[in-house]
Number of protein chains: 2
Amino acid sequence: MTQLAHTFSALGNQTRFAIVERLLNEGDLPVGAFLTMDNLSPPALSRHFKVLREAGIIERRVDKQQRIYSVRPQAVQQICEWSISYRKFWSAGLDRLEQALSEAD
Amino acid sequence: MTQLAHTFSALGNQTRFAIVERLLNEGDLPVGAFLTMDNLSPPALSRHFKVLREAGIIERRVDKQQRIYSVRPQAVQQICEWSISYRKFWSAGLDRLEQALSEAD
DNA sequence: TTGTTAATTAACATAAATGATAAATAATAA
DNA sequence: TTATTATTTATCATTTATGTTAATTAACAA
């Protein structure tokens with residue numbers, strides 16, 4: 001599987017997509033912060049983090065008992081670059097992209 | 001499942017990702033153009049097209065016996081906008097994005 | 001009509017994904 | 001030491017995904 005298909009595969013699950021979005025929005029968090037999510041058991045959550053990690057989307061650091069996860073910027077960047085590489089195809093103009101770029105500042 | 005997770009799920013398969021990339025690069029094509037791919041049977045291929053279509057990534061038009069598939073620009077655009085919305089997070093600068101934008105012209 | 005081409009649907013087998021509970025590991029607290 | 005907290009690994013059950021062959025549908029061509 002190509003790197004990008006692997007990335008999409010990991011993100012193509014509601015729970016994992018929500019984990020990544022929350023890490024992006026709230027910053028680094030330990031597994032425990034997601035325990036209430038979908039009433040998922042700790043092992044189920046742990047496996048989702050493992051899938052994301054093996055796809056290169058997140059990485060972890062150990063802090064005492066906790067494993068703190070964070071999104072790897074390169075992962076999101078690669079997605080962006082892939083979509084941008086087809087920009088001529090999907091964009092009738094640069095309006096929406098330029099707006100997004102300016103709003104992100 | 002959110003729309004985007006659904007999109008990623010459909011793209012998270014080597015065969016389907018390759019189908020989409022080929023449609024993006026070569027333009028609209030009928031199912032038959034992919035028959036040699038991975039030595040996949042017609043029904044297997046047909047199902048992959050169905051998954052992509054149900055995720056809103058491709059659409060088809062009927063032309064005599066053939067079903068011609070094309071990528072929906074909005075699908076790629078949504079992926080781009082999602083990644084761009086986190087640009088501040090992943091981009092240390094605009095260098096690579098700006099380069100991609102200019103090269104795409 | 002009869003046969004061929006293009007694609008899909010039906011039915012089924014097998015592999016992979018996902019979840020749960022139980023047990024294990026490691027750090028911390030009492 | 002013993003108990004508690006945080007997370008993972010091991011097992012196992014169930015669902016979903018993916019592939020195959022056979023049959024079906026629809027458009028053409030002889």
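All of these numbers come straight from a predicted model, not from anything done at the bench. Proteins come first, then strands; the chains are lettered A, B, ... in the order of their sequence lines, and each starts at number 1.
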Enquirer: Between the side chains of Q3(A) and T7(A), does any donor sit under 3.5 Å from an acceptor?
Expert: yes

Enquirer: Please state how far atom CD in E54(A) lies from atom C1' in dA17(C), giving the value in whole angstrom units.
Expert: 13 Å

Enquirer: Determine the contact category for F34(A): base if any of its heavy atoms lies under 4.0 Å from a base atom, sugar-phosphate if only primed atoms, P, OP1 or OP2 are that close, otherwise nothing.
Expert: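 No contact.
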
Enquirer: Whether the E21(B) and W82(A) side chains hold a donor-acceptor pair (N or O, under 3.5 Å, no angle test) is what I'd like checked.
Expert: yes

Enquirer: Between atom CG in D63(A) and atom P in dT8(D), what is the gap in whole Å?
Expert: 13 Å

Enquirer: Taking atom P of dT8(D) as reference, at what distance in whole Å does atom CG of L35(A) sit?
Expert: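 Distance, rounded to whole Å: 10 Å.
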
Enquirer: Mind checking whether F8(A) and F8(B) have parallel, tilted or perpendicular rings, split at 30° and 60°?
Expert: parallel

Enquirer: Rounded to the nearest 0.5 Å, what's the gap from CD on E59(B) to CD on Q74(B)? Could you check?
Expert: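 That separation rounds to 7.5 Å.
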
Enquirer: Is the Y69(A) ring parallel, tilted or perpendicular to the F49(A) ring (thresholds 30°, 60°)?
Expert: tilted

Enquirer: If you take all heavy atoms of A75(B) and I57(B), which pair is closest and at what distance?
Expert: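 Minimum heavy-atom contact is CB-CA, 3.9 Å.
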
Enquirer: Check the distance between dT18(C)'s C1' and M37(A)'s CE and give it to me in whole angstrom.
Expert: 15 Å

Enquirer: How does each nucleotide of nucleotides 15-26 of chain D score, in 5' to 3' order, for protein heavy atoms under 4.0 Å: base (B), sugar-phosphate only (S), or none (-)?
Expert: ---BBBBB----

